[in-house]
Amino acid sequence: MYFTASSTFWTLFGKPFDGGKRMDHGSQQQHPAMIRLYEVQREVQSLGPQVCTFSGLKNEREYRRLERELTRLLLEVDQVDTEGRVDLQGARKRAAQEVEGLLRYLEENATHPSRLAIEELSREAQRLVEQGVVEPQRAGGTAEISDELVDAVQELILRLTQVKTGGSVPLRKARYRALTRLCAVQDVIEGRTRQQTLPLSEDTHVAVQRINQVMVQVSGARSQLVALLMGLSGRDSCAHLSRVLTELLVELDALDVSGNAAVRNYRKQVVEEINGLLKHLDLEGEGDDTRRYTALLQLQIIVQKGNTVCMCVYMLSGTSWLRNVMLYTSFSFFRYDLAQNDSIRQIEAVRGRVGQLRGEVLRHCGVGDLFRPKPELQSLLTHLDQVDTARNPCIREARRRAVLEVQAVITFLDLREALICRQPGSNEPPQHRAVWMVLGSLSDLQAQVLCFNGKRADKSYILLEELLTKQLLALDAVDPQGDEMTKVARKQAVKFAQNILSYLDMKTDEWEY
(Lines give C-alpha, C1' and ligand atoms only; values in the text may rest on other atoms or scores of the structure.)
Protein backbone atom coordinates (compact mmCIF):
# COMPACT_ATOMS: atom_id res chain seq x y z
CA MET A 1 0.00 0.00 0.00
CA TYR A 2 2.86 2.40 0.76
CA PHE A 3 4.42 1.55 -2.56
CA THR A 4 1.17 2.21 -4.41
CA ALA A 5 0.66 5.63 -2.90
CA SER A 6 4.28 6.58 -3.46
CA SER A 7 4.39 5.40 -7.05
CA THR A 8 1.41 7.64 -7.81
CA PHE A 9 3.50 10.74 -7.21
CA TRP A 10 6.53 9.25 -8.90
CA THR A 11 4.58 8.95 -12.15
CA LEU A 12 2.80 12.27 -11.54
CA PHE A 13 5.88 14.44 -11.56
CA GLY A 14 7.87 12.35 -14.02
CA LYS A 15 11.58 11.74 -13.58
CA PRO A 16 12.57 13.74 -10.49
CA PHE A 17 15.21 16.43 -10.55
CA ASP A 18 18.43 14.84 -9.38
CA GLY A 19 20.31 18.01 -8.53
CA GLY A 20 22.84 17.26 -11.23
CA LYS A 21 23.91 13.87 -9.85
CA ARG A 22 24.10 12.40 -13.33
CA MET A 23 26.27 15.27 -14.54
CA ASP A 24 30.02 15.60 -14.71
CA HIS A 25 30.71 17.44 -11.45
CA GLY A 26 34.22 18.14 -12.58
CA SER A 27 32.92 20.71 -15.07
CA GLN A 28 29.71 21.76 -13.28
CA GLN A 29 30.76 22.49 -9.68
CA GLN A 30 29.45 25.82 -8.39
CA HIS A 31 28.02 26.73 -11.77
CA PRO A 32 25.59 29.67 -11.32
CA ALA A 33 22.82 27.86 -13.21
CA MET A 34 23.13 24.79 -10.99
CA ILE A 35 23.19 26.91 -7.83
CA ARG A 36 19.94 28.58 -8.88
CA LEU A 37 18.32 25.21 -9.64
CA TYR A 38 19.33 24.02 -6.17
CA GLU A 39 17.63 27.08 -4.67
CA VAL A 40 14.46 26.35 -6.65
CA GLN A 41 14.59 22.74 -5.48
CA ARG A 42 14.61 23.85 -1.85
CA GLU A 43 11.56 26.03 -2.41
CA VAL A 44 9.75 23.22 -4.19
CA GLN A 45 10.60 20.96 -1.26
CA SER A 46 8.68 23.25 1.09
CA LEU A 47 5.69 23.63 -1.28
CA GLY A 48 5.32 19.96 -2.24
CA PRO A 49 3.54 18.70 0.91
CA GLN A 50 1.23 21.72 0.90
CA VAL A 51 0.21 21.14 -2.70
CA CYS A 52 -0.23 17.40 -2.33
CA THR A 53 -2.62 17.76 0.61
CA PHE A 54 -4.49 20.89 -0.47
CA SER A 55 -8.19 20.02 -0.56
CA GLY A 56 -9.78 23.38 -1.36
CA LEU A 57 -11.05 25.13 -4.49
CA LYS A 58 -9.53 27.55 -7.00
CA ASN A 59 -11.19 30.60 -5.45
CA GLU A 60 -9.55 30.07 -2.05
CA ARG A 61 -6.67 32.19 -0.83
CA GLU A 62 -4.44 29.20 -0.19
CA TYR A 63 -4.90 27.96 -3.76
CA ARG A 64 -3.98 31.36 -5.19
CA ARG A 65 -0.92 31.52 -2.96
CA LEU A 66 0.32 28.09 -3.99
CA GLU A 67 -0.39 28.79 -7.66
CA ARG A 68 1.43 32.13 -7.44
CA GLU A 69 4.48 30.59 -5.77
CA LEU A 70 4.70 27.71 -8.25
CA THR A 71 4.25 30.02 -11.23
CA ARG A 72 7.04 32.22 -9.91
CA LEU A 73 9.32 29.20 -9.54
CA LEU A 74 8.47 28.06 -13.06
CA LEU A 75 9.38 31.47 -14.45
CA GLU A 76 12.64 31.48 -12.51
CA VAL A 77 13.52 28.03 -13.83
CA ASP A 78 12.77 29.24 -17.35
CA GLN A 79 15.08 32.23 -16.86
CA VAL A 80 18.07 30.09 -15.86
CA ASP A 81 20.80 30.59 -18.45
CA THR A 82 22.16 27.21 -19.54
CA GLU A 83 24.65 28.75 -21.97
CA GLY A 84 23.57 26.20 -24.57
CA ARG A 85 25.01 23.27 -22.61
CA VAL A 86 23.05 20.04 -22.94
CA ASP A 87 23.63 18.85 -19.37
CA LEU A 88 22.40 22.11 -17.84
CA GLN A 89 19.44 22.11 -20.20
CA GLY A 90 18.53 18.62 -18.99
CA ALA A 91 18.70 19.70 -15.34
CA ARG A 92 16.56 22.76 -16.04
CA LYS A 93 14.01 20.64 -17.90
CA ARG A 94 13.68 18.20 -15.01
CA ALA A 95 13.28 21.05 -12.51
CA ALA A 96 10.56 22.57 -14.68
CA GLN A 97 8.77 19.20 -14.89
CA GLU A 98 8.64 19.02 -11.10
CA VAL A 99 7.04 22.45 -10.80
CA GLU A 100 4.64 21.81 -13.70
CA GLY A 101 3.62 18.50 -12.12
CA LEU A 102 2.73 20.24 -8.87
CA LEU A 103 0.79 22.94 -10.71
CA ARG A 104 -1.13 20.32 -12.67
CA TYR A 105 -1.88 18.27 -9.56
CA LEU A 106 -3.06 21.38 -7.70
CA GLU A 107 -5.45 22.40 -10.46
CA GLU A 108 -6.79 18.91 -11.19
CA ASN A 109 -7.81 18.31 -7.59
CA ALA A 110 -9.32 21.77 -7.12
CA THR A 111 -11.47 21.38 -10.26
CA HIS A 112 -12.22 17.66 -10.03
CA PRO A 113 -15.95 16.84 -10.50
CA SER A 114 -16.00 15.05 -7.15
CA ARG A 115 -14.50 18.09 -5.42
CA LEU A 116 -17.15 20.31 -6.99
CA ALA A 117 -19.85 17.83 -5.92
CA ILE A 118 -18.57 17.97 -2.33
CA GLU A 119 -18.68 21.76 -2.44
CA GLU A 120 -22.22 21.82 -3.83
CA LEU A 121 -23.44 19.47 -1.09
CA SER A 122 -21.70 21.61 1.53
CA ARG A 123 -23.43 24.73 0.20
CA GLU A 124 -26.76 22.93 0.21
CA ALA A 125 -26.14 22.01 3.86
CA GLN A 126 -25.26 25.63 4.62
CA ARG A 127 -28.51 26.90 3.12
CA LEU A 128 -30.49 24.27 5.00
CA VAL A 129 -28.91 25.02 8.37
CA GLU A 130 -29.04 28.78 7.89
CA GLN A 131 -32.77 28.73 7.22
CA GLY A 132 -33.60 26.21 9.94
CA VAL A 133 -31.24 27.18 12.76
CA VAL A 134 -29.17 30.32 12.27
CA GLU A 135 -31.70 32.82 10.94
CA PRO A 136 -34.31 32.23 13.71
CA GLN A 137 -31.58 32.67 16.33
CA ARG A 138 -30.32 35.90 14.73
CA ALA A 139 -33.89 37.20 14.66
CA GLY A 140 -33.99 36.91 18.43
CA GLY A 141 -36.12 33.80 18.55
CA THR A 142 -35.48 30.17 19.26
CA ALA A 143 -34.84 27.74 16.44
CA GLU A 144 -37.38 24.94 16.38
CA ILE A 145 -35.59 21.84 15.10
CA SER A 146 -38.08 19.85 13.05
CA ASP A 147 -37.91 16.22 12.03
CA GLU A 148 -37.78 17.41 8.41
CA LEU A 149 -34.54 19.29 9.11
CA VAL A 150 -32.98 16.27 10.83
CA ASP A 151 -33.97 14.01 7.93
CA ALA A 152 -32.65 16.49 5.36
CA VAL A 153 -29.26 16.65 7.12
CA GLN A 154 -29.12 12.86 7.24
CA GLU A 155 -29.88 12.72 3.51
CA LEU A 156 -27.04 15.14 2.75
CA ILE A 157 -24.65 13.04 4.84
CA LEU A 158 -25.61 9.94 2.88
CA ARG A 159 -25.07 11.75 -0.42
CA LEU A 160 -21.65 12.91 0.75
CA THR A 161 -20.62 9.35 1.56
CA GLN A 162 -21.47 8.38 -2.02
CA VAL A 163 -19.11 10.93 -3.63
CA LYS A 164 -16.31 9.06 -5.41
CA THR A 165 -12.74 10.10 -4.57
CA GLY A 166 -10.82 7.50 -6.55
CA GLY A 167 -8.35 7.16 -3.66
CA SER A 168 -7.12 10.77 -4.07
CA VAL A 169 -5.83 12.15 -0.76
CA PRO A 170 -7.06 15.75 -1.36
CA LEU A 171 -10.51 14.50 -2.38
CA ARG A 172 -10.70 12.11 0.57
CA LYS A 173 -9.61 14.98 2.81
CA ALA A 174 -12.28 17.33 1.41
CA ARG A 175 -15.00 14.71 1.83
CA TYR A 176 -13.76 13.82 5.31
CA ARG A 177 -13.86 17.45 6.47
CA ALA A 178 -17.32 18.05 5.03
CA LEU A 179 -18.66 14.86 6.60
CA THR A 180 -17.06 15.58 9.96
CA ARG A 181 -18.64 19.01 10.19
CA LEU A 182 -22.05 17.91 8.95
CA CYS A 183 -22.08 14.97 11.37
CA ALA A 184 -21.22 17.38 14.19
CA VAL A 185 -24.12 19.61 13.13
CA GLN A 186 -26.38 16.56 13.06
CA ASP A 187 -25.31 15.65 16.59
CA VAL A 188 -25.98 19.18 17.84
CA ILE A 189 -29.43 19.57 16.28
CA GLU A 190 -30.46 16.06 17.28
CA GLY A 191 -29.44 16.97 20.82
CA ARG A 192 -31.92 19.84 20.69
CA THR A 193 -34.73 17.59 19.50
CA ARG A 194 -34.32 15.31 22.52
CA GLN A 195 -36.31 16.02 25.62
CA GLN A 196 -34.46 18.70 27.55
CA THR A 197 -34.52 18.91 31.33
CA LEU A 198 -36.93 21.58 32.50
CA PRO A 199 -35.39 24.37 34.63
CA LEU A 200 -35.85 24.05 38.34
CA SER A 201 -37.74 26.68 40.27
CA GLU A 202 -35.47 29.41 41.58
CA ASP A 203 -37.06 28.91 45.00
CA THR A 204 -35.46 25.45 45.18
CA HIS A 205 -31.92 26.71 45.84
CA VAL A 206 -29.95 29.93 45.66
CA ALA A 207 -27.73 28.50 42.88
CA VAL A 208 -30.65 27.57 40.61
CA GLN A 209 -31.04 31.09 39.22
CA ARG A 210 -27.46 31.10 37.92
CA ILE A 211 -27.77 27.57 36.50
CA ASN A 212 -30.90 28.66 34.62
CA GLN A 213 -29.01 31.62 33.20
CA VAL A 214 -26.24 29.31 32.04
CA MET A 215 -28.81 27.11 30.33
CA VAL A 216 -30.01 30.11 28.31
CA GLN A 217 -26.41 30.85 27.28
CA VAL A 218 -25.86 27.21 26.32
CA SER A 219 -28.95 27.31 24.11
CA GLY A 220 -27.49 30.30 22.26
CA ALA A 221 -24.11 28.59 22.05
CA ARG A 222 -25.70 25.68 20.21
CA SER A 223 -26.77 27.93 17.36
CA GLN A 224 -23.37 29.66 17.36
CA LEU A 225 -21.66 26.29 17.15
CA VAL A 226 -23.83 25.20 14.22
CA ALA A 227 -23.04 28.48 12.44
CA LEU A 228 -19.32 28.00 13.06
CA LEU A 229 -19.31 24.41 11.85
CA MET A 230 -21.10 25.37 8.63
CA GLY A 231 -18.98 28.47 7.99
CA LEU A 232 -21.88 30.86 8.59
CA SER A 233 -20.30 32.94 11.34
CA GLY A 234 -18.00 35.72 10.23
CA ARG A 235 -17.19 37.19 13.63
CA ASP A 236 -16.95 34.33 16.09
CA SER A 237 -14.36 31.57 16.17
CA CYS A 238 -14.24 28.10 17.62
CA ALA A 239 -11.53 29.21 20.05
CA HIS A 240 -13.70 32.09 21.34
CA LEU A 241 -16.77 29.90 21.82
CA SER A 242 -14.61 27.29 23.52
CA ARG A 243 -13.38 29.89 26.01
CA VAL A 244 -16.94 31.04 26.71
CA LEU A 245 -18.17 27.50 27.36
CA THR A 246 -15.13 26.69 29.49
CA GLU A 247 -15.79 29.76 31.63
CA LEU A 248 -19.37 28.56 32.13
CA LEU A 249 -18.05 25.20 33.28
CA VAL A 250 -15.74 26.90 35.77
CA GLU A 251 -18.61 29.02 37.04
CA LEU A 252 -20.89 26.00 37.46
CA ASP A 253 -18.14 24.13 39.28
CA ALA A 254 -17.78 27.00 41.74
CA LEU A 255 -21.47 26.94 42.71
CA ASP A 256 -22.19 25.51 46.14
CA VAL A 257 -24.95 22.94 45.68
CA SER A 258 -24.05 20.64 48.55
CA GLY A 259 -26.89 19.06 50.41
CA ASN A 260 -29.37 19.21 47.55
CA ALA A 261 -29.35 16.16 45.26
CA ALA A 262 -31.89 17.61 42.80
CA VAL A 263 -29.79 20.74 42.18
CA ARG A 264 -26.61 18.66 41.87
CA ASN A 265 -28.23 16.49 39.21
CA TYR A 266 -29.55 19.58 37.46
CA ARG A 267 -26.07 21.14 37.37
CA LYS A 268 -24.60 17.83 36.19
CA GLN A 269 -26.99 17.71 33.22
CA VAL A 270 -26.09 21.27 32.21
CA VAL A 271 -22.39 20.42 32.46
CA GLU A 272 -22.92 17.40 30.20
CA GLU A 273 -24.65 19.62 27.64
CA ILE A 274 -21.69 22.00 27.63
CA ASN A 275 -19.21 19.13 27.29
CA GLY A 276 -21.27 17.81 24.39
CA LEU A 277 -20.75 21.14 22.59
CA LEU A 278 -17.07 21.42 23.47
CA LYS A 279 -16.22 18.09 21.85
CA HIS A 280 -17.11 19.56 18.45
CA LEU A 281 -14.98 22.69 18.79
CA ASP A 282 -11.70 21.09 17.74
CA LEU A 283 -12.93 20.70 14.16
CA GLU A 284 -11.50 24.04 13.06
CA GLY A 285 -8.19 22.34 12.28
CA GLU A 286 -9.63 18.91 11.52
CA GLY A 287 -8.10 17.28 8.49
CA ASP A 288 -5.13 19.68 8.27
CA ASP A 289 -2.17 17.47 8.99
CA THR A 290 0.42 19.52 7.09
CA ARG A 291 1.69 21.04 10.34
CA ARG A 292 2.58 17.58 11.58
CA TYR A 293 4.44 16.71 8.40
CA THR A 294 7.95 16.83 9.86
CA ALA A 295 6.94 14.59 12.78
CA LEU A 296 6.10 11.58 10.63
CA LEU A 297 8.37 8.61 10.13
CA GLN A 298 9.61 8.00 6.63
CA LEU A 299 9.39 4.53 5.17
CA GLN A 300 11.57 4.32 2.06
CA ILE A 301 10.93 1.20 0.02
CA ILE A 302 13.73 0.36 -2.35
CA VAL A 303 13.91 -2.75 -4.50
CA GLN A 304 16.77 -4.91 -3.33
CA LYS A 305 19.31 -5.58 -6.06
CA GLY A 306 22.78 -6.84 -5.33
CA ASN A 307 24.20 -4.91 -2.38
CA THR A 308 21.39 -2.31 -2.33
CA VAL A 309 19.63 -1.82 1.00
CA CYS A 310 16.04 -3.06 0.85
CA MET A 311 14.28 -0.95 3.50
CA CYS A 312 15.32 1.90 5.75
CA VAL A 313 13.37 3.92 8.29
CA TYR A 314 14.36 7.54 8.88
CA MET A 315 12.95 10.67 10.38
CA LEU A 316 11.96 13.17 7.73
CA SER A 317 15.23 15.03 7.48
CA GLY A 318 18.03 15.08 4.98
CA THR A 319 16.06 13.18 2.35
CA SER A 320 14.92 14.33 -1.07
CA TRP A 321 11.71 16.38 -1.17
CA LEU A 322 10.01 14.06 -3.59
CA ARG A 323 10.48 11.05 -1.32
CA ASN A 324 9.16 13.09 1.59
CA VAL A 325 6.10 14.12 -0.40
CA MET A 326 5.49 10.52 -1.47
CA LEU A 327 5.78 9.28 2.09
CA TYR A 328 3.64 12.07 3.51
CA THR A 329 1.01 11.21 0.94
CA SER A 330 1.18 7.57 2.02
CA PHE A 331 0.50 8.54 5.63
CA SER A 332 -2.25 10.94 4.55
CA PHE A 333 -3.73 8.16 2.47
CA PHE A 334 -4.13 6.06 5.61
CA ARG A 335 -5.35 9.11 7.56
CA TYR A 336 -8.42 9.34 5.33
CA ASP A 337 -8.68 5.70 4.25
CA LEU A 338 -11.43 4.03 6.28
CA ALA A 339 -10.26 0.64 5.05
CA GLN A 340 -7.84 0.80 8.00
CA ASN A 341 -10.68 1.34 10.50
CA ASP A 342 -11.36 -1.55 12.90
CA SER A 343 -15.13 -1.42 12.32
CA ILE A 344 -14.64 -1.48 8.56
CA ARG A 345 -12.32 -4.46 8.91
CA GLN A 346 -15.01 -6.31 10.87
CA ILE A 347 -17.55 -5.49 8.19
CA GLU A 348 -15.19 -6.62 5.45
CA ALA A 349 -14.55 -9.88 7.29
CA VAL A 350 -18.31 -10.50 7.40
CA ARG A 351 -18.62 -9.65 3.71
CA GLY A 352 -15.83 -12.09 2.91
CA ARG A 353 -17.62 -14.88 4.75
CA VAL A 354 -20.93 -13.99 3.09
CA GLY A 355 -19.21 -14.25 -0.28
CA GLN A 356 -18.02 -17.75 0.56
CA LEU A 357 -21.48 -18.85 1.73
CA ARG A 358 -23.10 -17.26 -1.32
CA GLY A 359 -20.77 -19.23 -3.59
CA GLU A 360 -21.60 -22.46 -1.79
CA VAL A 361 -25.33 -21.80 -2.00
CA LEU A 362 -25.22 -21.09 -5.73
CA ARG A 363 -22.98 -24.09 -6.38
CA HIS A 364 -25.43 -26.45 -4.63
CA CYS A 365 -28.38 -24.88 -6.45
CA GLY A 366 -26.60 -25.55 -9.73
CA VAL A 367 -26.66 -29.28 -9.03
CA GLY A 368 -30.24 -29.30 -7.75
CA ASP A 369 -29.35 -29.33 -4.06
CA LEU A 370 -30.19 -26.73 -1.41
CA PHE A 371 -27.43 -25.67 0.95
CA ARG A 372 -28.96 -24.08 4.09
CA PRO A 373 -26.46 -21.92 6.03
CA LYS A 374 -29.21 -19.70 7.45
CA PRO A 375 -28.12 -20.03 11.11
CA GLU A 376 -24.65 -18.77 10.23
CA LEU A 377 -26.10 -15.97 8.11
CA GLN A 378 -28.31 -14.91 11.01
CA SER A 379 -25.28 -14.88 13.30
CA LEU A 380 -23.48 -12.65 10.78
CA LEU A 381 -26.40 -10.23 10.90
CA THR A 382 -26.13 -10.17 14.68
CA HIS A 383 -22.40 -9.49 14.42
CA LEU A 384 -23.01 -6.60 12.01
CA ASP A 385 -25.57 -5.14 14.37
CA GLN A 386 -22.90 -5.02 17.08
CA VAL A 387 -20.31 -3.22 14.93
CA ASP A 388 -19.55 0.21 16.39
CA THR A 389 -20.12 2.88 13.72
CA ALA A 390 -19.06 5.75 16.02
CA ARG A 391 -21.74 7.83 14.26
CA ASN A 392 -19.56 7.81 11.16
CA PRO A 393 -21.85 7.92 8.10
CA CYS A 394 -19.37 6.04 5.92
CA ILE A 395 -19.17 3.19 8.41
CA ARG A 396 -22.95 3.20 8.80
CA GLU A 397 -23.37 2.95 5.04
CA ALA A 398 -20.79 0.15 4.83
CA ARG A 399 -22.65 -1.77 7.52
CA ARG A 400 -26.01 -1.18 5.80
CA ARG A 401 -24.68 -2.54 2.52
CA ALA A 402 -23.20 -5.58 4.24
CA VAL A 403 -26.57 -6.25 5.90
CA LEU A 404 -28.26 -6.10 2.49
CA GLU A 405 -25.77 -8.63 1.14
CA VAL A 406 -26.59 -11.05 3.94
CA GLN A 407 -30.33 -10.48 3.57
CA ALA A 408 -30.13 -11.09 -0.18
CA VAL A 409 -28.75 -14.59 0.39
CA ILE A 410 -31.34 -15.29 3.12
CA THR A 411 -34.28 -14.23 0.94
CA PHE A 412 -32.89 -16.29 -1.93
CA LEU A 413 -32.79 -19.37 0.32
CA ASP A 414 -36.28 -18.67 1.67
CA LEU A 415 -37.80 -18.44 -1.80
CA ARG A 416 -35.96 -21.53 -3.06
CA GLU A 417 -37.17 -23.49 -0.07
CA ALA A 418 -40.73 -22.24 -0.58
CA LEU A 419 -40.63 -23.25 -4.26
CA ILE A 420 -39.34 -26.73 -3.39
CA CYS A 421 -41.96 -27.25 -0.67
CA ARG A 422 -44.84 -25.85 -2.71
CA GLN A 423 -47.62 -28.35 -3.38
CA PRO A 424 -50.34 -26.66 -5.43
CA GLY A 425 -53.83 -28.12 -5.17
CA SER A 426 -56.11 -28.92 -8.08
CA ASN A 427 -58.44 -26.07 -7.13
CA GLU A 428 -55.69 -23.41 -7.00
CA PRO A 429 -56.84 -20.23 -8.78
CA PRO A 430 -55.01 -19.60 -12.09
CA GLN A 431 -54.04 -16.09 -11.03
CA HIS A 432 -52.41 -17.46 -7.89
CA ARG A 433 -50.50 -19.99 -9.98
CA ALA A 434 -49.37 -17.15 -12.27
CA VAL A 435 -47.85 -15.32 -9.31
CA TRP A 436 -45.89 -18.42 -8.29
CA MET A 437 -44.62 -18.83 -11.84
CA VAL A 438 -43.25 -15.30 -11.71
CA LEU A 439 -41.66 -16.04 -8.33
CA GLY A 440 -39.93 -19.05 -9.89
CA SER A 441 -38.52 -16.83 -12.63
CA LEU A 442 -37.47 -14.24 -10.05
CA SER A 443 -35.61 -16.90 -8.09
CA ASP A 444 -33.59 -17.84 -11.17
CA LEU A 445 -32.88 -14.17 -11.92
CA GLN A 446 -31.83 -13.53 -8.32
CA ALA A 447 -29.26 -16.31 -8.63
CA GLN A 448 -27.80 -14.47 -11.62
CA VAL A 449 -27.84 -11.18 -9.72
CA LEU A 450 -26.00 -12.77 -6.79
CA CYS A 451 -23.31 -13.94 -9.23
CA PHE A 452 -23.08 -10.61 -11.07
CA ASN A 453 -19.88 -8.64 -10.52
CA GLY A 454 -19.88 -6.30 -13.50
CA LYS A 455 -20.77 -2.68 -14.18
CA ARG A 456 -23.91 -0.91 -15.31
CA ALA A 457 -22.56 -0.52 -18.83
CA ASP A 458 -22.22 -4.30 -19.21
CA LYS A 459 -24.67 -6.09 -21.47
CA SER A 460 -25.39 -8.64 -18.74
CA TYR A 461 -26.48 -5.83 -16.38
CA ILE A 462 -28.80 -4.36 -18.99
CA LEU A 463 -30.24 -7.81 -19.72
CA LEU A 464 -30.86 -8.56 -16.04
CA GLU A 465 -32.54 -5.20 -15.55
CA GLU A 466 -34.81 -5.81 -18.55
CA LEU A 467 -35.75 -9.31 -17.40
CA LEU A 468 -36.57 -8.13 -13.89
CA THR A 469 -38.67 -5.29 -15.29
CA LYS A 470 -40.57 -7.80 -17.43
CA GLN A 471 -41.39 -9.83 -14.33
CA LEU A 472 -42.77 -6.71 -12.68
CA LEU A 473 -44.95 -6.12 -15.73
CA ALA A 474 -46.10 -9.74 -15.60
CA LEU A 475 -47.14 -9.27 -11.97
CA ASP A 476 -48.93 -6.08 -12.86
CA ALA A 477 -50.92 -8.00 -15.47
CA VAL A 478 -52.17 -10.54 -12.91
CA ASP A 479 -55.80 -9.87 -12.02
CA PRO A 480 -56.53 -11.15 -8.47
CA GLN A 481 -60.26 -11.19 -9.23
CA GLY A 482 -61.03 -10.45 -5.59
CA ASP A 483 -58.92 -13.33 -4.22
CA GLU A 484 -57.19 -12.08 -1.07
CA MET A 485 -54.43 -14.70 -1.14
CA THR A 486 -53.54 -13.68 -4.69
CA LYS A 487 -53.48 -10.00 -3.70
CA VAL A 488 -51.07 -10.68 -0.83
CA ALA A 489 -48.90 -12.99 -2.93
CA ARG A 490 -48.67 -10.50 -5.78
CA LYS A 491 -47.82 -7.65 -3.41
CA GLN A 492 -45.02 -9.71 -1.86
CA ALA A 493 -43.74 -10.76 -5.28
CA VAL A 494 -43.63 -7.12 -6.45
CA LYS A 495 -41.67 -6.13 -3.35
CA PHE A 496 -39.33 -9.08 -3.87
CA ALA A 497 -38.65 -8.05 -7.51
CA GLN A 498 -38.03 -4.45 -6.46
CA ASN A 499 -35.58 -5.60 -3.80
CA ILE A 500 -33.65 -7.60 -6.39
CA LEU A 501 -33.48 -4.53 -8.64
CA SER A 502 -32.28 -2.39 -5.72
CA TYR A 503 -29.65 -4.98 -4.81
CA LEU A 504 -28.43 -5.11 -8.42
CA ASP A 505 -28.25 -1.33 -8.43
CA MET A 506 -26.30 -1.33 -5.16
CA LYS A 507 -23.77 -3.83 -6.51
CA THR A 508 -22.97 -1.54 -9.42
CA ASP A 509 -22.94 1.95 -7.88
CA GLU A 510 -19.14 1.83 -7.29
CA TRP A 511 -19.48 3.04 -3.73
CA GLU A 512 -16.28 3.50 -1.72
CA TYR A 513 -15.35 4.19 1.89
Side-chain angles (χ1 to χ4, degrees), residues 154 157-164 337-366 369-390 392-419 439 441-458 460-465 467-468 471-472 492-513:
Q154 177 61 39
I157 290 174
L158 181 59
R159 288 165 61 187
L160 268 172
T161 65
Q162 295 171 344
V163 174
K164 308 297 186 298
D337 183 16
L338 277 177
Q340 309 305 314
N341 181 276
D342 288 338
S343 296
I344 290 293
R345 288 181 175 179
Q346 293 181 50
I347 294 171
E348 286 300 312
V350 171
R351 292 185 66 234
R353 181 55 185 158
V354 172
Q356 295 173 358
L357 294 174
R358 181 172 57 238
E360 286 292 311
V361 167
L362 296 174
R363 186 175 63 82
H364 281 79
C365 287
D369 190 13
L370 186 61
F371 178 55
R372 297 179 176 86
K374 285 183 64 175
E376 185 174 357
L377 290 169
Q378 292 291 350
S379 68
L380 291 176
L381 282 177
T382 303
H383 181 67
L384 286 172
D385 187 59
Q386 296 171 349
V387 171
D388 180 19
T389 64
N392 186 305
C394 291
I395 300 177
R396 283 203 300 253
E397 177 64 9
R399 185 177 66 175
R400 184 188 72 84
R401 298 167 76 91
V403 168
L404 290 177
E405 290 187 30
V406 180
Q407 290 175 341
V409 180
I410 292 176
T411 55
F412 174 75
L413 289 171
D414 288 342
L415 180 56
R416 283 280 176 167
E417 190 169 352
L419 289 168
L439 284 171
S441 300
L442 286 175
S443 179
D444 295 335
L445 289 173
Q446 189 182 20
Q448 298 179 48
V449 171
L450 290 172
C451 293
F452 182 77
N453 289 314
K455 299 181 179 179
R456 293 184 183 178
D458 295 350
S460 54
Y461 173 87
I462 298 173
L463 178 61
L464 281 171
E465 193 175 40
L467 292 173
L468 287 167
Q471 299 305 317
L472 281 171
Q492 292 177 344
V494 168
K495 184 177 180 181
F496 185 73
Q498 291 173 341
N499 288 341
I500 298 175
L501 276 169
S502 298
Y503 179 67
L504 177 63
D505 186 65
M506 186 196 76
K507 291 188 72 172
T508 55
D509 63 4
E510 299 180 357
W511 183 81
E512 64 180 22
Y513 299 129

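Computed from a prediction, not measured in an experiment: that's the story for all the values here.
Taking every heavy atom of both residues into account, L504 and T508 meet most closely at O-OG1, 3.1 Å. The minimum heavy-atom distance between A398 and I347, with the atom names listed, is O-CG2, 3.8 Å.
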Q: Apply side chain to side chain contact (heavy atoms under 4.5 Å, CB included) to Y461 and D505, showing your working.
A: CA-CA 9 Å; Y461 173 87; D505 186 65; 4.0 Å; yes
(Q) For L472 and L501: C-alpha separation, side-chain torsions, deciding distance, then whether side chain to side chain contact (heavy atoms under 4.5 Å, CB included) applies. (A) CA-CA 10 Å; L472 281 171; L501 276 169; 3.7 Å; yes
**Q.** Derivation of the side chain to side chain contact (heavy atoms under 4.5 Å, CB included) call for R358 and E405
**A.** CA-CA 9 Å; R358 181 172 57 238; E405 290 187 30; 4.0 Å; yes
**Q.** Derivation and outcome, side-chain hydrogen bond (donor to acceptor under 3.5 Å, both in side chains), residues R353 and Q356
**A.** CA-CA 5 Å; R353 181 55 185 158; Q356 295 173 358; 2.8 Å; yes
Q | Verdict with supporting geometry, D458 and L463, side chain to side chain contact (heavy atoms under 4.5 Å, CB included) | A | CA-CA 9 Å; D458 295 350; L463 178 61; over 6 Å; no
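Remark: R401 engages E397 in a salt bridge, criterion side-chain N to carboxylate O under 4.0 Å. Taking a cutoff of 4.0 Å between a charged side-chain nitrogen and a carboxylate oxygen, D414 and R372 do not qualify as a salt bridge.
The closest side-chain heavy-atom distance from T411 to Q446 is below 4.5 Å. Side chains of I344 and V387 form no contact here, defined as non-hydrogen atoms less than 4.5 Å apart. In this structure, P373 and L413 have side chains that are in contact, with non-hydrogen atoms separated by less than 4.5 Å.
Residues passing the side chain to side chain contact (heavy atoms under 4.5 Å, CB included) test with Q492 are V488, sequence neighbours excluded.
In this structure, I395 CD1 and D388 CG are separated by 7.5 Å, a value rounded to the nearest 0.5 Å. D444 CG to L467 CG: the interatomic distance, rounded to the nearest 0.5 Å, is 11.0 Å. Atom CG in L445 sits 12.5 Å away from atom CD in E465 (nearest 0.5 Å). A distance of 7.5 Å separates CZ in F496 from CG in L439, rounded to the nearest 0.5 Å. Note that CD of Q448 is 10.5 Å distant from OG of S443, once rounded to the nearest 0.5 Å. The structure places CG of L362 at 11.0 Å from CG of L357, a figure rounded to the nearest 0.5 Å.
Put simply, the side chain of S502 gets close to the backbone of Q498: a donor and an acceptor are under 3.5 Å apart. A donor-acceptor contact shorter than 3.5 Å links the side chain of K507 to the backbone of F452.
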Which side-chain N or O atoms in residues 377-384 pair as donor and acceptor under 3.5 Å with protein atoms at least two apart or in another chain?
| residue | atom | partner | partner atom | Å |
| --- | --- | --- | --- | --- |
| S379 | OG | E376 | O | 2.5 |
| T382 | OG1 | Q378 | O | 3.1 |

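No side-chain donor-acceptor contact under 3.5 Å links T389 and R396.
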